[in-house]
Amino acid sequence: MSRLPRLTRRLVLEAPQRAPDGAGGFVDSWAALGTLWAEVVARSGRERAGAGGALSHVPYRITVRGAPAGAPSRPRPEQRFREGARIFRILSVAEADAQGHYLICQAEEEGAA
C-alpha cells in the first residue's frame, strides 16, 4: 500500500442466517457480527433494467483492518456491510499489504436508480 487508508466510516458486518419458519420451510435473515471501521471508495457504476425499473450497480473498494483467516471479524464474500439503510454486498476479499494489516473488499451497492 502506498498510503494508509482513512478508516472513517462505521460499517456493520452481517452474515446470512437461515432459521426454520415453523411451517416446514426456512426464513433467511441477516445477523450482525460486529462493527468495523472502513474506508469506502466508490468506483464507476452502471445501470441496468430490472423488474421494477432501472437498477444502478455501483462497485466499491472497502478497506478494513486485517484479521486472520477464520476470524469472525474477517469479511467473507457471502457476507455484507450495512451502513444505516445502505447495503454493500461483499464480492471478494484480499490482503492489501504483505503483512496483512489491511483487507480490501470489493463490494457492490445495489439500489433503485
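If you read the sequence from its start, that first residue is 1, and numbering goes on from there.
- The hydrophobic cluster containing V12 does not contain I87, counting ILVMFWY residues as joined when their side-chain heavy atoms lie under 4.5 angstrom apart, directly or transitively.
- Checked by atom type and distance alone, the side chain of E39 pairs as donor or acceptor with a backbone atom of R6 at under 3.5 Å.
- The side-chain heavy atoms of E108 and L91, taken from C-beta on, include a pair separated by under 4.5 Å.
- The existence of a salt bridge linking E95 and R74 is confirmed by a sub-4.0 Å separation between a basic side-chain nitrogen and an acidic carboxylate oxygen.
- Contact detail for Y102 and D97: the closest heavy-atom pair is N-OD1, 3.0 Å.
- For the residue pair R89 and Q79, no side-chain donor N or O sits within less than 3.5 Å of a side-chain acceptor on the partner.
- Two residues are said to be in side-chain contact when any heavy atoms from C-beta on lie closer than 4.5 Å; L11 and W37 fail this criterion.
- For the pair V93 and C105, the minimum side-chain heavy-atom distance is below 4.5 Å.
- A donor-acceptor pair is defined here as one N or O able to donate and one able to accept, closer than 3.5 Å; no such pair exists between the side chain of D28 and the backbone of P16.
- Side chains of Y60 and E109: a donor on one and an acceptor on the other come within 3.5 Å.
- For the pair R82 and W30, the cation-pi test (distance below 6.0 Å, angle within 45°) is failed.
- For R9, the salt bridge (charged side-chain N to carboxylate O under 4.0 Å, His left out) partners two or more places apart in sequence, or in a different chain, are E83.
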